[in-house]
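Report on one structure; see the data block that follows.
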Amino acid sequence: MLAAVPNPSAVSSSDAVLAALADAHARRMRAEEEIRLLLAYGRQFVYPHPYTLGELASAAGMSVSGVRTAYGPQDVDKVSAATGLEPVPSEGEDS
């Protein structure tokens with residue numbers, strides 16, 4: 001899923017510290033993208049019982065409200081495109 005994520009660290013610098021920081025930033029951005037996609041998958045694509053917000057929050061080190069707002073429609077679309085699955089219609093936002 002993450003192969004299409006652009007690498008924001010395309011910094012051509014001869015400074016080792018700046019290059020290392022740019023690389024660390026790129027890794028963090030990819031990790032955040034991966035977390036959003038996994039949260040979207042866990043909530044929108046698992047049937048018949050999606051993971052609860054509490055389960056995902058605990059695993060991701062986030063709050064329940066953080067999980068609820070961590071991903072958006074674009075992330076759901078990316079998961080759908082990457083997996084070929086369609087999101088399961090939600091019946092409400094249970095914890």
Legend entry - Short side-chain to backbone donor-acceptor contact, Gln44 and Tyr41, under 3.5 Å: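 Such a contact is absent between Gln44 side chain and Tyr41 backbone.
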Inset, instruction - Give a yes or no answer on whether the side chain of Thr83 reaches the backbone of Val79 with a donor-acceptor pair at less than 3.5 Å. - result: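 Yes; at least one donor-acceptor contact below 3.5 Å.
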Legend entry - Results of side chain to side chain donor-acceptor pair (under 3.5 Å) for Ser80 - residues two or more places apart only: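 None.
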Check [X] against [Y] and note the closest heavy-atom contact, atom names and distance.
X	Y	result
Leu39	Val67	CD2-CG1, 4.0 Å
Met62	Ala70	CE-CB, 3.7 Å
Gly66	Ser63	N-OG, 2.9 Å

Supply the atom-to-atom distance [X] [atom1] to [Y] [atom2], rounded to the nearest 0.5 angstrom.
X	Y	atom1	atom2	result
Glu55	Arg43	CD	CZ	9.0 Å
Phe45	Leu38	CZ	CG	12.0 Å
Asp77	Leu37	CG	CG	11.0 Å

Inset, instruction - Would you kindly confirm whether Val46 and Leu85 end up in one hydrophobic cluster when ILVMFWY residues are joined by side chain heavy atoms under 4.5 Å apart? - result: yes
Legend entry - Arg30 with Glu33: basic N within carboxylate O range, under 4.0 Å: no
